[in-house]
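Inspection log for the structure reproduced underneath, given as structure tokens.
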Amino acid sequence: MPVQAMTQQATRHARRVYVGGLSPTANEQSVAIFFSQVMAAIGGNTAGPGDAVVNVYINHEKKFAFVEMRSVEEASNAMALDGIIFEGAPVKVRRPSDYNPSLAATLGPSQPSPNLNLAAVGLTQGSSGGLEGPDRIFVGGLPYYFTEAQIRELLESFGPLRGFDLVKDRETGNSKGYAFCVYQDLSVTDIACAALNGIKMGDKTLTIRRANQGATQPKPEQESVLQHAQQQIALQRLILQPQGVPTKVVCLTQALNVDDLRDDEEYEDIVEDMRQEGGKYGELVNVVIPRPNPNGEPSPGVGKVFLEYSDVEGSKKAQVAMNGRKFGGNQVIAVYYPENKFAEREYDG
């Protein structure tokens, strides 16, 4: 067997995609032409000029096809076409049953390129990739000011998403307050629903459940994962809350290790680091970092960093830039602090 034929045979599992839900009128030629055209339209052809599709096999009885691409990379790009409308109906695009993920990873990219122009064929980035089936999650009660990135970050506390779609008003482009998602690891579906459902976000309460059924309780062995995820959610909720009326003082929590504040040299270094970091956003008037009492008695504000700016413009920039940032592996929460409390040295607010 020629070397090229051997290579084609070895890579076929990674170059084919399964296309389900075909109309009765679909045939090999119409499927090949359609997928070659949409691949070109989204910029998914990476193997040079010509058609991406080299072969199509259709099972008319079960209404599915195997579409073979020229390259592994083009097959991965085709995975972004899940849900595309073909002959009046959406089709499912999946990996075939003989797909070997570990072997495929050595042959080329296994995920679609993030630079595909999916809008050219009526799809949106992230809404593809399998947003159907029993593990599809309904995410309702979202505050309208939440961005797609913030919602994804919240959901991804449980693991990477295979698909995500924030439903928007077609005329305004604004969020309608609900979304759908599917996790790559389907075993976390019930964990995410249990942890997120009923959480208050701003003036809203989240409703999270499987899209086609009521909530299911997580299995006992999932409890530790659930507990960890709930801690992450509590943190995300603080980060995503509206941060109140801006003042000249920004308070940072989770920005430092309390034990580091006991050593004098370490403490001076931390103060200087915070002064330099905070000074990037405006004129700093004062940096206050309360220290633990040597006698072990409670000390108000320990673990917090207070940055006082000469004007609100500086504090606004600092709050936006620092909120959600990571310092020493911790995700910082930055909020505005009442100026009168700060002036009275009340650091326990």
Side-chain angles (χ1 to χ4, degrees), residues 145-147 149-158 199-202 227-349:
Y145 57 81
F146 270 28
T147 64
Q150 287 175 323
I151 300 165
R152 285 188 76 108
E153 188 175 359
L154 186 67
L155 295 168
E156 286 176 343
S157 299
F158 301 90
I199 279 182
K200 288 198 175 296
M201 287 280 182
Q227 191 174 10
H228 172 72
Q230 283 175 325
Q231 291 170 354
Q232 289 291 315
I233 292 304
L235 173 60
Q236 289 297 330
R237 183 169 53 174
L238 281 168
I239 291 170
L240 295 174
Q241 292 283 17
Q243 301 303 332
V245 179
T247 67
K248 294 179 187 177
V249 183
V250 175
C251 173
L252 310 179
T253 56
Q254 301 200 149
L256 41 81
N257 186 334
V258 174
D259 288 337
D260 293 340
L261 302 176
R262 301 181 194 281
D263 181 86
D264 289 342
E265 275 190 42
E266 194 86 46
Y267 177 77
E268 292 303 325
D269 287 344
I270 291 169
V271 172
E272 186 54 37
D273 287 347
M274 286 297 171
R275 194 182 303 278
Q276 286 187 11
E277 183 61 30
K280 294 177 183 177
Y281 310 106
E283 185 185 346
L284 271 175
V285 177
N286 201 0
V287 176
V288 174
I289 304 178
R291 297 181 74 176
N293 273 326
N295 58 13
E297 289 182 14
S299 181
V302 171
K304 297 178 181 178
V305 176
F306 297 89
L307 304 175
E308 183 185 14
Y309 287 87
S310 61
D311 54 39
V312 173
E313 288 307 308
S315 65
K316 276 185 180 178
K317 289 177 185 175
Q319 192 277 325
V320 170
M322 292 183 167
N323 192 43
R325 280 244 332 254
K326 286 199 173 180
F327 282 98
N330 294 324
Q331 202 162 14
V332 174
I333 298 165
V335 297
Y336 298 112
Y337 197 78
E339 291 172 17
N340 58 336
K341 279 194 169 188
F342 181 76
E344 297 292 328
R345 297 186 180 182
E346 294 178 18
Y347 301 136
D348 54 352

Please find the pair of heavy atoms, one from [X] and one from [Y], that lie closest to each other, and give the distance.
X	Y	result
L261	G303	CD1-N, 4.4 Å
A318	V250	CB-CG2, 4.5 Å
P300	P290	O-CB, 3.5 Å
P292	V258	CG-CG1, 3.8 Å
C251	K304	SG-CD, 3.8 Å

- Query: Does the distance from a Lys or Arg side-chain N to an Asp or Glu carboxylate O, for R291 and D264, drop under 4.0 Å?
  - Reply: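 Salt bridge: yes.
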
Backbone of [Y] reached by a side-chain donor or acceptor of [X] within 3.5 Å:
X	Y	value
S315	T247	yes
Y281	Y309	no
E339	K248	yes

- Query: Can you tell me how far the CG atom of D273 sits from the CG atom of L256, to the nearest 0.5 Å?
  - Reply: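 Reported to 0.5 Å precision, the distance equals 10.5 Å.
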
- How long is the span from the CD atom in E277 to the CG atom in L284, to the nearest 0.5 Å?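 The CG atom of L284 is 10.5 Å from CD of E277, to the nearest 0.5 Å.
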
Find out whether [X] and [Y] are in side-chain contact, i.e. whether some heavy atom of one side chain is under 4.5 Å from a heavy atom of the other.
X	Y	result
E308	V288	no
M274	I289	yes
D259	R262	yes

- Parallel, tilted or perpendicular, as decided by the 30° and 60° cut-offs, for the rings of Y337 and F306: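 Answer is perpendicular, since the angle exceeds 60°.
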
- Item | Given N286, V287, L307, I270, the one that forms side-chain contact (heavy atoms from CB on, under 4.5 Å) with R275 |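 The single option meeting the side-chain contact (heavy atoms from CB on, under 4.5 Å) with R275 is V287.
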
